[in-house]
Protein chains: 2
Amino acid sequence: MPTIRDVSKLAGVSVATVSRLLNKSGYVSQEAEKSILSAMRELDYSPNEVARSLAGKKSHTIALMVPDILNPYFPRIAKSVEREAEARGYNVLLCDSDHDPAKEERYFETLRRKKMDGIILASYSARPSGLRELLERDFPVVSVDNVFDADYPMLAVTADNRGGARLAVRHLAESGCRRIGHLRGPRGVYTAEERYEGYKEELLQSGIFEPDLIAQGDYSAEKAYSATLALLDRHPRIDGLFAGNDLMAAGALQALREAGRQVPGDVKVVGFDGLDMPLLAQELSTVSQPIDEMGATAVRQLADLIDGKPIERTERRLGVSLIVRGTTGVSSQDSLYP
Amino acid sequence: MPTIRDVSKLAGVSVATVSRLLNKSGYVSQEAEKSILSAMRELDYSPNEVARSLAGKKSHTIALMVPDILNPYFPRIAKSVEREAEARGYNVLLCDSDHDPAKEERYFETLRRKKMDGIILASYSARPSGLRELLERDFPVVSVDNVFDADYPMLAVTADNRGGARLAVRHLAESGCRRIGHLRGPRGVYTAEERYEGYKEELLQSGIFEPDLIAQGDYSAEKAYSATLALLDRHPRIDGLFAGNDLMAAGALQALREAGRQVPGDVKVVGFDGLDMPLLAQELSTVSQPIDEMGATAVRQLADLIDGKPIERTERRLGVSLIVRGTTGVSSQDSLYP
DNA sequence: GTGAAAGCGCTAACAC
DNA sequence: GTGTTAGCGCTTTCAC
């Protein structure tokens, strides 16, 4: 593999000049530039980014930490993060913690060793100690769709979970539901708590809050399925259901179907996320998050952090919107496909 | 940040000894080990992987190139690749080409600069010139779910697409279908051609092959939706449909529903992939690929390539299996959820 | 405008 | 068993 030295020799200049041209730093005369360029072409030179990183103290790589890339929410995040990152000259290292705190900690150490320029944290484990250490070292980290407590001082990009939940529940109430259940996400997970709060607030305000209509889920369709069956068993007359995310809404729909409940006739259902899953997306009323924008915003914030630019807000909360479809009463014949 | 030199000083040994311990290469005495370990702890030392890469000629990172991480097939690949890679000490750089040849080429150049140890290619663009260059330089590359022609000599891990297609079509025929259509994948894409061939072979053998029952899709649900509507228009009496992948099957199901066709009553449908999408996975009969195994196998092959181990087979073809569910006649009440 | 040279933090001979 | 030292390929002062 040809090196910068080979190029400099062939071009009859010094490595410093080649480096200047490469990085567009400092002056390089027309003729020097010409001969360097042709030397590069002739040698098929390609700068060694590893050496650049070592000397220049920047790896031009950021890490994306997710709990499970199979959860369709995260490919959405990954897509937008990758896009924005690539556009800004960063590459993305995919870290799937697999919901395993040990693996996550392993990754934090790896990221430190690999001198990542920053981390987009789309994971939501409790209190990763590796993360605390990184933060103490002023490692640039931006959290997406999650807000940590004060022990973990970092930027966060989130959606308006509380407001979205209220939108969803209000819509159910306005559609005539009086017994509105909630299939909530895991305890201690920020978004789950926020959505639960929104649900509660709205119903409290309407005077129809009933704590026993809440079922515990873990953001997975499987758990949602069984939790919904149990909920139906306890409260056969439930007529509305706000699921903490679309995946759980899918599990709930399956359970409702098997329990012989008509949707939206007997029970109306609203999800959260606005994922674009085949079949599901045709039917499910949901609260849509601007996931792409969240990913892109996170990268932008991270890039500013890395560049040492002043950060105006430490928390960015993006708006959500209600999408009304078949599971709350509109004809399910409507198609998303053009 | 403390360096290996700081550790060696504090431990009262040379950097070489520390390096030996770090890499478990060469002998290190008990006492040296002890003092080094405590020095590391005291300094909170973390080896600089960038420097290791430069000196040691290995980045311990592989790239995963996908055309679109939003297509649910690719998170499956990503998951298994990441898992196997992490277990073997490699990290994974996510490269989403976005179906854009220019972006893909940009990535090939980047991967060369970043000294990736290898590439898992789950992309399927025609003839990337950047890839040819990498191959010429003996860059380790393993292709998943795709086989390139002889100009691109590399290992490949695929599923038995042809056999799977025959399984699907035979199942439709045995279920009583006589006019079996095919919603095929994009021209020139290896898996699409293979599945098409299998479809054709099986029907030719049964004596019910009819070329006009073939509709062109592009592996997306949207295109499948419109192509299916057009197909139904041309051939209202179609009674079976083999979709080239599950995403297209989803689009087809939507079209059939809107066209007023009963599934599986009027038309039976089989997909390909065995994706685990909410709702869809409850109903769709499909040919299941061992995606996890394909990803893991690809990483294993790649690791062997990187380590210079002898490769026994340049092409690995994994078996598939038919999963019969609601869209070919079994009660759609069956649930995948426990 | 350009070049010489000192690192960046680590590995790997090679010598002891 | 351990230490010395020459790189790995690049960036970046600092002179000229």
Side-chain angles (χ1 to χ4, degrees), chain A residues 1-37 39-40 43-61 89 109-117 137, chain B residues 1-37 39-40 43-61 89 109-117 137 306-307:
Chain A
M1 294 272 83
T3 72
I4 195 173
R5 164 148 261 104
D6 300 325
V7 173
S8 74
K9 277 188 191 141
L10 186 58
V13 297
S14 74
V15 295
T17 305
V18 178
S19 177
R20 272 183 217 110
L21 181 61
L22 236 31
N23 301 291
K24 303 187 195 313
S25 61
Y27 302 94
V28 170
S29 68
Q30 291 282 318
E31 44 189 343
E33 171 164 352
K34 244 193 64 193
S35 60
I36 291 172
L37 253 26
M40 285 182 174
L43 295 172
D44 189 23
Y45 171 72
S46 180
N48 182 329
E49 186 67 30
V50 175
R52 289 187 72 177
S53 297
L54 182 60
K57 310 272 177 217
K58 276 204 67 175
S59 64
H60 307 283
T61 308
E109 171 60 17
T110 300
L111 301 183
R112 186 179 159 202
R113 295 184 178 206
K114 287 224 162 145
K115 304 297 172 198
M116 293 290 109
D117 290 340
R137 284 169 219 294
Chain B
M1 294 272 83
T3 72
I4 196 174
R5 163 148 262 104
D6 299 325
V7 173
S8 73
K9 277 187 191 141
L10 185 59
V13 298
S14 75
V15 294
T17 306
V18 178
S19 177
R20 274 184 214 109
L21 181 61
L22 237 31
N23 301 291
K24 302 186 195 312
S25 60
Y27 302 94
V28 170
S29 69
Q30 291 282 317
E31 42 188 345
E33 173 165 350
K34 243 193 63 191
S35 60
I36 291 172
L37 253 26
M40 284 182 174
L43 295 172
D44 188 25
Y45 170 73
S46 178
N48 181 328
E49 186 67 31
V50 175
R52 290 187 71 178
S53 297
L54 182 59
K57 310 273 179 217
K58 275 203 69 177
S59 65
H60 306 283
T61 308
E109 171 60 15
T110 300
L111 301 184
R112 185 180 160 200
R113 294 184 179 206
K114 287 224 162 145
K115 304 297 172 197
M116 293 289 109
D117 289 340
R137 282 168 223 293
I306 294 170
D307 297 342

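Below, chains carry the letters A, B, ... as their sequence lines are ordered, and counting in each starts from 1.
- Taking each heavy atom of B:S35 and B:A11 in turn, the nearest pair found is OG-O, 3.5 Å.
- A:E33 meets the salt bridge (Lys or Arg N to Asp or Glu O under 4.0 Å) test with no other residue; sequence neighbours excluded.
- Summarising the geometry, atom CZ belonging to B:R20 is positioned 9.0 Å from atom CD1 belonging to B:I36; distances are rounded to the nearest 0.5 Å.
- Between A:T110 and B:E49 there is no side-chain heavy-atom pair separated by less than 4.5 Å.
- Looking at B:K114 and A:T61, their side chains come closer than 4.5 Å, going by heavy atoms from C-beta outward.
- Atom P of nucleotide D:dG9 and atom CG of A:D6 are separated by 9 Å, given to the nearest angstrom.
- Residue B:S59 comes nearest to B:K115 through the heavy atom pair OG-O, 2.8 Å, listed as atom of the first residue, atom of the second, then distance.
- Taking both residues in full, the closest heavy atoms of A:P2 and A:D44 are given as CG-O, 4.0 Å, listed atom of the first, atom of the second, then distance.
- Heavy-atom minimum distance, A:R52 versus A:P47: CD-CB, 4.4 Å.
- Here the shortest heavy-atom pairing between A:T17 and A:V28 reads O-CG2, 3.8 Å.
- The side-chain contact (heavy atoms from CB on, under 4.5 Å) search around B:T3 returns B:R5, B:D6, not counting sequence neighbours.
- Applying the 4.0 Å criterion to OP1 and OP2 of D:dC10, one finds that A:K57 has every side-chain N and O outside that range.
- In this structure, A:N48 atom CG and D:dC8 atom P are separated by 11 Å, rounded to whole Å.
- Of all the heavy atoms in A:V7 and A:Y45, the pair that sits closest is CG2-CG, 3.5 Å.
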Polar pairs (N or O, both sides) under 3.5 Å between protein and nucleotides 3-6 of chain D?
{"residue": "D:dG3", "atom": "OP2", "partner": "B:S14", "partner atom": "N", "Å": "2.6"}
{"residue": "D:dG3", "atom": "OP2", "partner": "B:S14", "partner atom": "OG", "Å": "3.1"}
{"residue": "D:dG3", "atom": "OP2", "partner": "B:T17", "partner atom": "OG1", "Å": "2.7"}
{"residue": "D:dG3", "atom": "N7", "partner": "B:R20", "partner atom": "NH2", "Å": "3.1"}
{"residue": "D:dG3", "atom": "O6", "partner": "B:R20", "partner atom": "NH2", "Å": "2.5"}

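- Taking 4.5 Å as the limit, some side-chain heavy atom of A:E109 sits within range of a side-chain heavy atom of B:S46.
- Relative to the axis of its first five pairs, the axis of the last five pairs of the helix from C:dG1-D:dC16 to C:dC16-D:dG1 sits at 30°, rounded to 10 degrees.
- Put simply, CD1 on B:I4 is 15 Å from C1' on D:dC8, counting in whole angstrom units.
- Within residues 22-37 of chain A, the residues having any heavy atom under 4.0 Å from DNA chain C are, by residue number, A:Y27, A:V28, A:S29, A:A32.
- For the pair A:L21 and A:V13, the minimum side-chain heavy-atom distance is 4.5 Å or more.
- Note that the first and last nucleotides of DNA chain C, 5' to 3', having any atom under 4.0 angstrom from a heavy atom of chain B are C:dG9 to C:dA12.
- What separates CG of A:L54 from P of D:dT12 is a distance of 12 Å, to the nearest Å.
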